[in-house]
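These values consider heavy atoms only, across backbone and side chains, with no hydrogens, waters or symmetry-generated copies.
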Amino acid sequence: MSLIILMSLPSQVQGSNQVQRAPRALYCLKLNNPIRRAALSIVEWKPFDIFILLAIFANCVALGVSKPFPEDDSNSTNHDLEQVEYVFLIIFTVETFLKILAYGLVMHPSSYIRNGWNLLDFVIVIVGPDSHKRPKPVKPTENERKHHFY
């Protein structure tokens with residue numbers, strides 16, 4: 001009976017700051033699993049949260065500093081910023097992975113995807129690597145330029 005009551009409670013216990021955690025994350029990691037405990041301690045550690053917020057801010061600055069050029073031209077600053085973008089992608093992917101290990105993916109009310117901001121992060125992390133695979137534009141040949149086939 002206590003299990004039924006526990007499962008029907010909201011994700012946060014009323015009158016306290018204690019959050020109700022899913023009994024299992026990803027169907028296999030119980031609350032006492034050392035991997036899950038480590039992930040929980042990292043993602044709920046205040047310096048980790050500050051680090052992620054600073055990374056988001058730095059990523060916004062990097063995006064604001066880059067200057068797009070026509071026809072895939074670039075400069076050294078943009079090239080360096082593209083390399084830094086990979087670092088941000090790794091940071092945010094690790095954050096997503098740790099939070100999924102800690103909270104579970106979707107089944108529990110306090111799971112990772114059930115939070116709107118985490119859902120946005122998840123979509124960005126999934127789409128991010130694909131944005132680096134875009135093909136380079138093909139320049140028209142001399143014959144195409146003469147006859148305007150492009």
Side-chain angles (χ1 to χ4, degrees), residues 10-14 16-150:
S11 61
Q12 189 165 11
V13 178
Q14 287 184 342
S16 74
N17 291 334
Q18 184 180 0
V19 175
Q20 187 68 32
R21 297 278 173 233
R24 292 180 187 264
L26 303 175
Y27 294 106
C28 61
L29 301 175
K30 292 183 178 180
L31 280 168
N32 61 354
N33 183 294
I35 295 170
R36 186 170 180 201
R37 282 191 316 194
L40 274 166
S41 66
I42 291 170
V43 299
E44 292 178 349
W45 188 40
K46 197 65 174 167
F48 178 78
D49 196 32
I50 292 169
F51 172 74
I52 294 299
L53 288 173
L54 289 174
I56 292 168
F57 178 73
N59 191 18
C60 291
V61 170
L63 289 171
V65 169
S66 67
K67 295 178 184 171
F69 288 95
E71 295 187 22
D72 206 32
D73 287 340
S74 192
N75 62 11
S76 62
T77 304
N78 281 0
H79 178 71
D80 294 341
L81 290 171
E82 287 174 10
Q83 300 306 311
V84 169
E85 193 173 325
Y86 287 109
V87 174
F88 289 126
L89 185 60
I90 291 168
I91 290 170
F92 299 136
T93 302
V94 168
E95 177 204 16
T96 298
F97 181 71
L98 286 171
K99 285 187 172 182
I100 290 171
L101 283 176
Y103 302 137
L105 185 60
V106 74
M107 297 304 288
H108 192 268
S110 66
S111 63
Y112 180 72
I113 294 292
R114 298 274 184 110
N115 178 304
W117 290 112
N118 289 339
L119 179 60
L120 177 66
D121 289 346
F122 184 74
V123 170
I124 290 169
V125 165
I126 295 299
V127 172
D130 194 46
S131 68
H132 294 287
K133 296 178 188 175
R134 65 181 185 272
K136 304 269 186 211
V138 178
K139 294 183 180 180
T141 63
E142 186 63 37
N143 191 29
E144 289 172 333
R145 272 189 239 129
K146 279 184 185 175
H147 300 292
H148 302 285
F149 289 137
Y150 58 94

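Taking the side chain as every heavy atom from C-beta outward, P109 and Q20 never approach each other to under 4.5 Å. Annotation: side chain of Y103 is not in contact with side chain of I113 (no heavy-atom distance under 4.5 Å). Side-chain atoms of S111 and L105, non-hydrogen and from C-beta on, never get closer than 4.5 Å to each other.
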Enumerate, atom names and distances included, each donor-acceptor pair closer than 3.5 Å involving a side-chain atom of residues 89-100, sequence neighbours excluded.
residue	atom	partner	partner atom	Å
T93	OG1	L89	O	2.7
E95	OE2	K99	NZ	3.2
T96	OG1	F92	O	3.0
T96	OG1	Y112	OH	3.4

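How far NZ of K67 is from OG1 of T77: 7.5 Å, rounded to the nearest 0.5 Å. In this structure, CD1 in I42 is found 9.5 Å from CG in L101, a value given to the nearest 0.5 Å. The CE atom of M107 lies 13.0 Å from the CZ atom of R24; values are rounded to the nearest 0.5 Å.
The two residues S110 and A22 come nearest to each other via the heavy atoms OG-N, 4.2 Å. Closest approach of L40 and R21 over heavy atoms only: CD2-NE, 3.7 Å.
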Residues F122, I126; criterion side chain to side chain contact (heavy atoms under 4.5 Å, CB included); working and verdict = CA-CA 6 Å; F122 184 74; I126 295 299; 4.0 Å; yes
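Pairs passing the side chain to side chain donor-acceptor pair (under 3.5 Å) check and including a residue from residues 30-43, sequence neighbours excluded, do not occur.
Listed by chain and number, the residues in a salt bridge (charged side-chain N to carboxylate O under 4.0 Å, His left out) with D49 are K46 (sequence neighbours excluded).
Heavy atoms of other residues, nucleotides or ligands lying less than 6.0 angstrom from CD1 of I35 number 12 at most.
When each of D121, V127, L120 is tested with V123 by the rule side chain to side chain contact (heavy atoms under 4.5 Å, CB included), just one qualifies, namely V127.
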